[in-house]
Protein chains: 2
Amino acid sequence: MARRTKAEAEETRRGLLDAAERIFHAKGVATTSLEEIAAEAGVTRGAVYWHFANKADLFMALFDDAPLIHDDLLAPLALSEHPDPLALVEELAIGALTLLAGDARRQRIYTILTLCEYRDEFGVVLQRTLETMDRAHAQFASAFAEADRRGILAPSWPHGTAAAAFQWLLHGLIVDWLKFGRRFDLVERGSSVIRAQFQAYRHRCVPAGIPVLAPA
Amino acid sequence: MARRTKAEAEETRRGLLDAAERIFHAKGVATTSLEEIAAEAGVTRGAVYWHFANKADLFMALFDDAPLIHDDLLAPLALSEHPDPLALVEELAIGALTLLAGDARRQRIYTILTLCEYRDEFGVVLQRTLETMDRAHAQFASAFAEADRRGILAPSWPHGTAAAAFQWLLHGLIVDWLKFGRRFDLVERGSSVIRAQFQAYRHRCVPAGIPVLAPA
DNA sequence: TCCGATACATTCACGATTGTATGTATTTTT
DNA sequence: AAAAATACATACAATCGTGAATGTATCGGA
């Protein structure tokens with residue numbers, strides 16, 4: 001083989017990233033060799049070492065332009081000025097689940113991200129994940145704080161606590177779904193739990209059988 | 001070296017398991033060689049291959065008698081006949097967090113279990129994890145169902161939904177804590193979120209500012 | 001059109017691990 | 001007390017993956 005066009009070179013680079021994504025997801029990052037990735041992409045290891053320094057570099061390049069779940073959630077949240085922040089976050093969360101459920105690439109990326117062993121050079125990705133999570137938490141906490149100011153959030157939920165509960169719930173749900181082979185309907189089960197959770201966040205909850213406003 | 005007593009042999013076996021636990025936790029399962037484990041235990045690879053068939057066998061033996069979080073939670077739940085199942089689960093969850101926070105071995109085991117790549121021969125552990133999670137869910141769901149029958153659970157929480165939310169919340173919390181280097185106080189933050197969550201599960205929640213029983 | 005840079009393929013040298021085979025000093029058994 | 005099994009250590013062969021070095025056909029620019 002010989003030199004290709006810049007466009008063709010970019011194709012093989014993309015092909016390598018796609019191949020890595022599929023194989024990393026199928027059999028784990030640690031056990032995959034660059035030879036396998038090259039073969040899956042229809043090239044040799046020479047191409048891999050041309051485009052990437054090594055496996056860690058290829059691994060990190062995977063996430064440079066990959067769609068992350070928290071970004072799906074946070075981008076609309078940041079700019080929006082909704083009258084009911086709780087309803088907004090609720091809808092955004094369900095939207096993110098729907099998006100994830102229908103996008104195999106997002107599923108693979110997020111599975112690799114949450115299920116691989118972050119050590120040594122790979123630790124950079126862990127660091128970036130942590131920063132994303134922290135940004136997400138700040139955003140959520142601010143939304144819940146705004147809901148609190150507007151009297152929508154139940155008094156039993158400090159906004160930081162509510163945000164943490166929401167984030168852990170969402171993450172636990174997604175990890176469960178991805179890790180154990182998507183054995184339940186993500187959108188259906190996820191939605192029902194999220195709906196119930198946000199109903200619990202609101203403070204217009206009424207004890208059953210007892211009239212709120214007894215006749216004077 | 002030569003043959004040791006049965007008791008001494010059992011000691012070296014334990015030593016190998018302990019060494020593997022520490023090194024797996026420190027630098028990941030995939031990147032650790034049997035040589036490193038043997039060295040950490042003060043023996044050679046010969047001892048490793050005498051006691052275990054290979055790395056996968058050693059890996060699985062790690063979890064055969066290891067303390068799992070769900071077992072900490074479930075064992076007391078199964079036999080107990082508490083008048084308030086919600087309070088019981090709440091206390092057990094906080095107790096499990098406290099136990100985990102004070103037990104480095106549990107932390108290592110659970111970190112390895114949740115952060116390693118389950119592939120090939122290691123998949124058996126994933127399968128067993130899944131079964132444990134399912135058993136846990138059944139137990140929780142039954143406790144929430146009992147709470148529902150006794151009128152303790154809020155009507156907005158179907159017991160299956162409540163159980164799922166609790167489990168995902170708890171798992172998300174623990175994974176966050178372990179994965180990102182225990183950067184917050186597990187018991188303190190975890191307790192406050194769990195307390196708030198269980199307060200939301202109960203249906204004796206009252207809208208603020210409105211008297212429940214207005215004077216007739 | 002010619003030349004240097006590019007985009008790979010091919011080859012090679014090396015270390016790291018693995019599994020096994022063998023050696024051997026004890027321990028246990030008989 | 002001799003024999004057999006045990007609990008390792010040591011030595012060895014074979015594989016696998018990496019990284020770098022080298023080859024080379026083509027592309028883009030002067």
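Sequence lines set the chain letters: A, B, ... in the order given, protein chains first and strands last, and positions in each chain run from 1.
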For this session: Establish whether the base of C:dG19 is bridged to the side chain of B:Arg45 by a donor-acceptor pair shorter than 3.5 Å.
Result: yes
For this session: Compare side-chain N and O positions of B:Thr5 against OP1 and OP2 of D:dA7 and report whether any pair is under 4.0 Å apart.
Result: no
Seminar exercise, completed: Which of D:dA7, C:dT6, D:dG17 is nearest the side chain of A:Trp50? It is C:dT6
For this session: Rounded to the nearest angstrom, tell me the gap between atom CD in B:Glu8 and atom C1' in D:dA9.
Result: 16 Å
Problem set entry | Minimum side-chain heavy-atom gap B:Glu10-B:Lys6 below 4.5 Å | no
Problem set entry | A:Val43 side chain, from C-beta outward: closest of C:dA9, D:dG17, D:dA7 | C:dA9
Exercise. Starting at CD of B:Glu35 and ending at P of C:dT18, how long is that distance when rounded to a whole Å?
Worked result: 9 Å
Exercise. Quick one: A:Lys6 NZ to D:dG29 P, roughly how many Å, whole number?
Worked result: 6 Å
Problem set entry | Minimum heavy-atom distance A:Val29-A:Lys55, with the two atoms named | O-NZ, 2.9 Å
For this session: Calculate the interatomic distance between A:Leu34 atom CG and D:dT18 atom C1'; express it in whole Å.
Result: 8 Å
Problem set entry | Aromatic ring proximity, centroids under 6.0 angstrom, A:Phe184 and A:Phe180 | no
Exercise. Where the side chain of B:Tyr49 is concerned, which of C:dG19, D:dT18, C:dA7 is the nearest nucleotide?
Worked result: C:dG19
Problem set entry | Length of the CG-P vector between A:Leu58 and D:dG17, whole Å | 16 Å
Exercise. Rounded to the nearest Å, what distance is computed from the CZ atom of residue A:Phe52 to the P atom of nucleotide D:dA20?
Worked result: 17 Å
Exercise. Once you round it to whole Å, what is the distance between C1' of D:dT6 and CD of B:Glu11?
Worked result: 16 Å
Seminar exercise, completed: Quick note, B:Thr44 side chain, CB onward, closest among C:dT18, D:dT10, C:dA7 is D:dT10
For this session: Side chain of A:Thr12 only, please: which of C:dC8, C:dT20, D:dC8 is the nearest?
Result: C:dC8
Problem set entry | Partner of A:Leu73 by side-chain contact (heavy atoms from CB on, under 4.5 Å), out of A:Leu97, A:Leu170, A:Leu99, A:Leu68 | A:Leu170
For this session: Mind telling me whether A:Phe166 and A:Phe144 have parallel, tilted or perpendicular rings, with 30° and 60° as the class edges?
Result: tilted
Exercise. To the nearest angstrom, how far is B:His51 atom NE2 from D:dA9 atom P?
Worked result: 9 Å
